[in-house]
Amino acid sequence: PAVKFGKSGDLEVGELAVAIGNPSGTLEGSVTAGIISALERTINIDGLELNVLQTDAAINAGNSGGALFNSFGEVIGINTAKLTGGRSGDSFEGLSFAIPSDYAVPILQDLMEHGEVVSRVQLGIAGRGFDKDFARQYRLADRPGVFVVEVVDDSPAAKAGLEAGDFIVEIDGKAVDSVSS
């Protein structure tokens, strides 16, 4: 039998979360339990901003890609990352993240039907969101925005004329303050 996907948009903070994975490649079927600590938490992994579920269920090395389940046995997320430590060598426990099922299901459907992801827009930039104080200090703008670090060749951003060093404050009249927005 196959697992069923639940709707991550129906989750509430405090609900049960169960992570299943294969830590270090040797502990097949490892299970940890916790709660949903936050919904739509924004984290940055290798310059990419992700909106994720936060849980205190342990997601250890090797668990990425495993399932995060709710109390009904439905997959509500794909285990993705954990906060491991700061620059000062601090160690953190109970800070794990999963891609919400509502984001993952359309991608999985595209892969099965088309062999590639066709339902997601790709702008074609690597950037970093900054608050209005940063923008003002560097004379970029008087409000928050996204600093363009890199533009992917032949991407929609490149075709539109965006260049590294640009500072985006709005798109189609809507304010922008992060790469995900």
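Owing to the predicted nature of the structure, the values given are computational and were not obtained by experimental measurement. Hydrogens, waters and symmetry mates play no part in the numbers below; they use all other heavy atoms, side chains included. All residue numbers refer to positions in the sequence shown, counting from 1.
- In the hydrophobic cluster analysis, where Ile, Leu, Val, Met, Phe, Trp and Tyr join through side-chain heavy atoms closer than 4.5 angstrom, Ile20 is grouped together with Leu16.
- The hydrophobic cluster containing Phe5 does not contain Leu68, counting ILVMFWY residues as joined when their side-chain heavy atoms lie under 4.5 angstrom apart, directly or transitively.
- The cluster map of Ile, Leu, Val, Met, Phe, Trp and Tyr, joined by side-chain heavy atoms under 4.5 Å apart, puts Ile36 and Phe69 in different clusters.
- With Ser8 contributing its side chain and Asp102 its backbone, the two residues share a donor-acceptor pair below 3.5 Å.
- In this structure, Asp153 places its CG atom where only 12 or fewer heavy-atom neighbours from other residues, nucleotides or ligands lie under 6.0 Å away.
- Considering every non-hydrogen atom in both Ala157 and Gly124, the closest pair reads CB-O, 3.9 Å.
- Between Glu40 and Asn51, the closest heavy-atom pair is O-OD1, 4.3 Å.
- Note on Ile99: it does not cluster hydrophobically with Ile76, by side-chain heavy-atom contacts below 4.5 Å among ILVMFWY residues.
- In terms of modelled atom types and a separation under 3.5 Å, the side chain of Asn70 and the main chain of Gly73 share a donor-acceptor contact.
- When every heavy atom of Asp154 is checked against every heavy atom of Ala158, the shortest pair comes out as N-CB, 3.9 Å.
- Side chain of Glu113 to backbone of Asp110: no donor-acceptor contact under 3.5 angstrom is found.
- Annotation for Ser96 and Ala57: closest pair OG-O, 3.1 Å, computed over non-hydrogen atoms.
- Looking at Asp177, its side chain never comes within 3.5 Å of a backbone N or O of Pro144 through a donor-acceptor pair.
- Checked by atom type and distance alone, the side chain of Ser101 pairs as donor or acceptor with a backbone atom of Gly6 at under 3.5 Å.
- In this model, no donor atom of one side chain and acceptor atom of the other lie less than 3.5 Å apart for Asp56 and Ser37.
- What you find for Leu53 and Gly77 is that their closest heavy atoms are CD1-CA, 4.5 Å.
- Ile107 forms part of a hydrophobic cluster together with Leu111, Val117, judged by ILVMFWY side-chain heavy-atom separations under 4.5 Å.
- Linking ILVMFWY side-chain heavy atoms closer than 4.5 Å, directly or via other members, places Val52 and Leu39 in two distinct hydrophobic clusters.
- Smallest separation of non-hydrogen atoms from Ile59 and Phe97: CD1-O, 3.5 Å.
- Between the side chain of Thr55 and the backbone N or O of Ile35 there is at least one donor-acceptor pair closer than 3.5 Å.
- Within the model, atoms CD1 of Ile78 and CG of Leu108 stand 6.0 Å from one another, a figure rounded to the nearest 0.5 Å.
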Tell me which donor-acceptor pairs under 3.5 Å the side chains of residues 163-174 have, and how far apart each pair is, sequence neighbours excluded?
from   : atom 1 : to     : atom 2 : distance (Å)
Asp166 : OD2    : Glu163 : N      : 2.8
Glu170 : OE1    : Arg143 : NH1    : 3.4
Glu170 : OE1    : Arg143 : NH2    : 3.3

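- For Phe130, the ring pair (Phe, Tyr, Trp, His ring centres under 6.0 Å) partners at least two apart in sequence or on another chain are Phe134.
- Of the possible donor and acceptor atoms, none in the side chain of Thr80 sits under 3.5 Å from a partner among the backbone N and O of Ala98.
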